There are 2 protein chains.
Amino acid sequence: MKLITKQTDYAIRALGCIAKSKDAIITVCGLAESLDMPQSFLRKILQRLNTKGILKSSKGKGGGFVLNINPAKISVLQLVEIFQGEFKLSEHVFKGKICPVIKTCYFKNRLDKIEKDVKKQLQLITIKKITKQDDLQRKK
Amino acid sequence: MKLITKQTDYAIRALGCIAKSKDAIITVCGLAESLDMPQSFLRKILQRLNTKGILKSSKGKGGGFVLNINPAKISVLQLVEIFQGEFKLSEHVFKGKICPVIKTCYFKNRLDKIEKDVKKQLQLITIKKITKQDDLQRKK
DNA sequence: CATAATGATACCATTTTAGTGTCATTATGT
DNA sequence: ACATAATGACACTAAAATGGTATCATTATG
Ligand code: FES
Ligand code: FES
């Protein structure tokens, strides 16, 4: 079971690089190379981040991507929700129908608490904090 | 993203029922009916729990399953690991190769902490605690 | 107008999860 | 003995999620 899928992981690392490049325009081509990610896949990811307002893109020759918002405002939770949908640890359903005891169920309550905690933790991890470590964009 | 898959969920609810039935032998057929789960699927799950030592089975007419260990000793973590493999939230790898900065990486460290916390929480949830609520086996 | 970039989107491949089916084995009761 | 009702083992299929590719359109630069 994975909390973070590859797409999200790529997005995080890509944003780390872009954040470090301070206003320089980054192209998919260059980034894919330096991070050793499949180019078309990365492209799709950056496009998504663009439509979500996290990156800003410019087309045409000399175009590419730059950050559109403060890296301190980009949380891993946000990225997870963009690429993996709403954060839900368990539906806890009864074969399609919502479980009848869902209000009082101990198990469900525990899971909800875990979910809340994890969500909070993920919200605290931001691109800024990650890039501070000065580790991400090294190749090999 | 799901922390608990359907298989694990079924296993938990099935164990809940079995735990409540106090030494009575439970058959797949009856259980599948009362919990509204696909019979063959449930059967595979109980078989698995049998080989893992959590249930004890008896074959032949009048056979079925009973608990083999104290429900207070069956944790959700254990069940998750049986049906979903070792609990790991993120590999955090660099395209197949293990990430070179894995020791110092802030992101990885945060994820590890989350993983540890969640694991601990899941270990605390036991079948006994779940059944105490007296909610699980109701149908509809 | 060639070129180098993204936008949109359809498509394909792989992996994981969910679920079924079948035949063998075993215990029970008549 | 035999019908029956249960599990054991395991192969198989189906569906969903994830990962990844490909193509054509659009746009800005020089
Ligand atoms: S059994 Fe469904 S909410 Fe707990
Ligand atoms: S970037 Fe790989 S361990 Fe953090």
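Below, read A as the first sequence line, B as the second, and so on, with proteins coming before strands; counting in each chain starts at 1. Source: prediction; values computed, not measured.
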Over how many whole Å does the gap from B/Ile25 atom CD1 to C/dT26 atom C1' extend? 13 Å

Does A/Leu49 reach the side chain of A/Leu79, with side-chain heavy atoms less than 4.5 Å apart? yes

For A/Ile26 and C/dA4, give me the distance from atom CD1 to atom C1', rounded to whole Å. 16 Å

Selection from C/dT6, D/dG20, D/dG8 that lies nearest to any side-chain heavy atom of A/Tyr10: D/dG20

Distance check needed: D/dA17 C1' versus A/Gln84 CD, whole Å only. 11 Å

With a 4.0 Å cut-off on heavy atoms, is A/Gly64 in touch with a base, just the backbone sugar-phosphate, or nothing at all? sugar-phosphate

Would you please confirm or rule out a distance under 4.0 Å between OP1 or OP2 of D/dG8 and any side-chain N or O of B/Ser57? yes

Nearest-angstrom distance from the residue atom CZ of A/Phe83 to C1' of D/dG20: 14 Å

Is there a side-chain contact between A/Leu31 and A/Leu46 in this structure, where contact means two heavy atoms from C-beta onward sitting under 4.5 Å apart? yes

Minimum heavy-atom separation for A/Tyr106 to B/Lys129, with atom names? OH-CD, 3.1 Å

Name the residue closer to the 5' end of DNA chain C, choosing between A/Val28 and B/Gln7 according to the nucleotide with the nearest heavy atom. A/Val28

Any side-chain heavy-atom pair of B/Leu89 and A/Lys2 under 4.5 Å: no

d(CE, B/Met37; C1', C/dA18) in whole Å: 13 Å

Protein-nucleotide distance (B/Phe41, atom CZ; C/dG19, atom C1'), rounded to Å: 6 Å

Check whether any side-chain N or O of A/Thr5 sits under 4.0 Å from OP1 or OP2 of D/dG19, and answer yes or no. yes

Selection from C/dG7, C/dA4, D/dG8 that lies nearest to any side-chain heavy atom of A/Gln47: C/dG7

Nearest nucleotide by nearest heavy atom, which residue falls closer to the 5' end of DNA chain D, B/Lys59 or B/Lys44? B/Lys59

Report yes if the side chains of B/Ile74 and B/Thr126 come closer than 4.5 Å at any heavy-atom pair, otherwise no. no

Counting heavy atoms from C-beta on, name the nucleotide in D/dG19, C/dA27, C/dA18 closest to the side chain of B/Lys61. C/dA27

Considering only C/dG19, C/dG21, C/dA8, which nucleotide approaches the side chain of B/Ser40 most closely? C/dG21

Phosphate-side-chain proximity, B/Thr51 and D/dG8, N/O vs OP1/OP2 below 4.0 Å: no

Nucleotide of C/dT6, C/dT20, D/dG8 approaching B/Pro38 most closely (side-chain heavy atoms): C/dT20

Going by purine N1 to pyrimidine N3 plus the second Watson-Crick contact, or the G-U wobble pair, all under 3.5 Å, which nucleotide sits opposite D/dT23? C/dA8

Look at B/Asn50 and D/dG8 and indicate whether a side-chain polar atom (N or O) is within less than 4.0 Å of OP1 or OP2. yes

Identified pairing partner of D/dG30, criterion: Watson-Crick or G-U wobble below 3.5 Å: C/dC1

Would you call A/Ile114 and B/Leu122 a side-chain contact if the rule is heavy atoms closer than 4.5 Å? yes

Rounded to whole Å, CZ of B/Arg43 lies from C1' of C/dT20 at a distance of 11 Å

Find the distance A/Leu42:CG to D/dG19:P and express it as a whole number of Å. 14 Å

